[in-house]
Amino acid sequence: MRQNTLLMPTLRDTPSDTEAISHQLLLRVGLIRQLAAGVYSYLPMGWRVLRKIENIVRQEMERTGAQELHLPVMQPTELWHESGRYADYGPELIRLDDRHGREFALGPTHEEVITSLVANDVKSYRKLPVNLFQIQTKFRDERRPRYGLLRGREFLMKDAYSFDIDWAGLDVTYKAMFEAYHQIFSRCGLRFTAVEADAGTIGGEGETHEFMALADVGEDTVVTCSSCQYSANLEKAISGSGPASDELTPGERSASVEKLHTPHTKTVAELVTLLGVQAKDIFKTLIYVADGDPIAVVMRGDHNVNETKLLNELAVTTLELADDVTVMRVSGTPHGYVGPVGLTIPIYMDDEVAKRVRGGIVGANEENYHLRYVVPGVHFSAYRQGDYREVQAGDVCLHCGAPLQFDRGIEVGHVFKLGTKYSEKLGAKYLDVQGKEQPMIMGCYGIGISRLLAAVIEQNNDDHGIVWPKQLAPFQVHIIPVSVKDSAQVAIAEQLYKQMLTAGIEVLLDDRDERAGVKFKDSDLLGIPMRIVVGKDAVNGIVEFKERHDEERLTLDQETVLAKVLALAQR
Ligand code: 9G3
């Protein structure tokens with residue numbers, strides 16, 4: 001391709017109000033332009049890379065036997081009423097009325113559409129399993145689109161939906177997708193990890209995994225064991241805690257609760273200072289409102305509530321910390337002095353509290369007072385006990401005891417075992433070999449294509465611009481004649497250009513009448529893996545060769561540089 005007419009408007013400076021490096025570079029290199037918040041145009045070079053990613057995804061999906069199809073963006077909202085999800089997403093689900101007043105949603109995902117399609121056209125076990133995928137624009141009206149392509153309101157997703165006759169079949173399909181995802185992200189040159197994840201509102205009875213691209217800008221926290229394979233999203237992560245404290249002596253068990261005057265001591269830290277105790281000897285009580293009902297969570301003072309775990313335990317849709325009025329109403333006490341003893345609302349006690357058989361310090365449900373030697377199960381009883389704790393630095397792996405490490409991750413893929421959640425609601429049934437009607441067992445598998453483009457840039461850049469993994473670079477070679485007014489330079493550049501085109505190399509020729517400095521800066525920004533500079537030595541048939549990822553510059557004659565490019569391009 002000749003660069004003179006290429007629409008690639010590079011920017012010298014970092015655009016304002018951009019925090020993510022990928023957002024800055026996508027704009028500076030001229031790969032995207034913003035049309036509206038969270039809504040982007042892909043310029044030729046951006047679209048060229050996106051299509052390379054899509055093709056890798058297509059190849060690996062089709063290798064598993066999945067079939068590509070293409071579903072509408074406009075979805076009749078009747079389907080969302082049928083699946084029962086219409087109200088789940090509120091303003092995030094973009095809706096419109098057509099000219100006849102019929103309501104449509106702009107598809108944020110396609111479970112309802114694909115399941116109703118399969119329900120109508122697949123009836124027999126002989127036609128299963130089937131795995132259907134598309135690469136389609138999705139719409140989600142995020143309240144706060146941010147970080148460019150990392151969180152947009154209109155974005156490109158590969159979404160696949162599998163239909164099996166039973167769970168064993170789904171396990172086979174899920175495993176095939178899992179392996180295909182490893183292939184896809186590896187071929188994209190991404191550093192990633194697959195983590196156990198929380199199914200969230202998508203529901204479904206089975207396991208789910210997320211594929212996380214490791215990057216500091218990532219909104220997710222990935223917990224990984226430093227020695228065994230354990231890896232989980234923090235939302236779901238579990239860990240080994242310290243040893244259970246030993247049994248109480250009879251004397252200790254009979255020790256009665258002691259009331260402590262603790263004026264103006266509302267936080268764990270203040271209690272630790274006032275009483276000279278450790279945070280783990282304190283049991284803090286947090287009041288939440290779950291689907292409108294108040295509940296209490298009792299947690300060790302040095303631990304934090306994992307609200308995703310709590311949501312799953314409660315099986316509610318809304319959960320938030322109670323406001324002061326509610327705290328006063330349910331405990332008769334202001335913040336900071338609430339405790340479990342005498343509470344009438346259901347108490348959810350974390351496992352780590354139950355292990356503190358020697359008892360702990362709790363709010364006395366009286367302002368400026370706490371209680372000491374309160375033993376779980378003796379002085380208060382829990383409505384439910386479980387793991388509601390957020391794993392934290394210093395915890396050890398539950399499986400092998402090694403220390404856990406914490407990384408930031410960008411979710412670029414998410415695979416789910418759905419079971420019959422949609423096939424029941426939308427009537428996707430098949431006749432089994434006995435002629436009996438059975439619900440299909442489903443799975444769904446997403447990859448954020450446009451988000452993946454940004455994640456690759458997050459992981460592959462330096463001070464001068466993008467350093468593409470060679471499989472994704474918009475071109476393999478960049479030929480730069482220093483001056484298009486120098487006929488010797490132009491002649492060599494044109495010759496090399498034609499030789500590479502003939503050899504099937506993807507080559508970009510910078511034929512612009514621009515200063516050398518501008519050409520080199522733009523070349524560094526765009527990050528093509530190999531660069532050939534045709535300068536003053538052109539008269540002797542000598543050019544300069546440099547790879548984008550290192551500083552070494554070679555001066556080579558024409559045939560040597562061609563041979564080198566061909567050799568590197570094949571690898
Ligand atoms: C909505 C809106 C936003 C959503 C959803 C529905 C996320 C929604 C979860 C999924 C699950 C999988 C198939 C590909 C892989 C992910 N955000 N999810 O269902 F109406 Cl507004 O999309 N879908």
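Whatever order the structure lists them in is the order used to number ligands and atoms, beginning at 1. Because the structure is a prediction, the values reported are computed rather than measured.
- Within the set Glu210, Met157, Arg140, the minimum heavy-atom distance to atom 10 (C) of ligand 1 is found for Arg140.
- Counting heavy atoms closer than 4.0 Å to ligand 1, residue His110 contributes nothing at all.
- Within the 4.0 Å heavy-atom criterion, the part of Thr109 lying near ligand 1 is the side chain and not the backbone.
- Among residue pairs with one or both ends in residues 119-132, none qualify as salt bridge (Lys or Arg N to Asp or Glu O under 4.0 Å); sequence neighbours excluded.
- Using a 4.5 Å cut-off on side-chain heavy atoms (C-beta onward), Val391 and Leu234 make contact.
- Sorted by first and then second residue, the salt bridge (Lys or Arg N to Asp or Glu O under 4.0 Å) pairs involving residues 37-50 (not counting sequence neighbours) are Arg48-Glu506.
- Note on ligand 1: Arg85 sits in its first shell, one or more heavy atoms being nearer than 4.0 Å.
- Heavy-atom neighbours of Asp216 CG from other residues, nucleotides or ligands within 6.0 Å: at or below the threshold of 12.
- Looking at Cys444 and Tyr422, their side chains never come closer than 4.5 Å, going by heavy atoms from C-beta outward.
- Within ligand 1, counting atoms from 1 as listed, the ones closer than 4.0 Å to a heavy atom of Tyr161 are 13 (C).
- For Phe416 and Tyr161, the ring centers sit 6.0 Å or farther from each other.
- Of all atoms in ligand 1, numbered sequentially from 1 with element shown, those under 4.0 Å from a heavy atom of Asp159 are 14 (C).
- Interface atoms of ligand 1 facing Gly446, defined by a heavy-atom separation under 4.0 Å, are 14 (C), 15 (C).
- Residue Arg187 forms a side chain to side chain donor-acceptor pair (under 3.5 Å) with just one option from Glu60, His182, Gln471, and that option is Glu60.
- Here is the list of ligand 1 atoms found below 4.0 Å of a heavy atom in Glu92: 3 (C), 21 (Cl).
- Under a 4.0 angstrom heavy-atom cut-off, Phe416 registers as being in contact with ligand 1.
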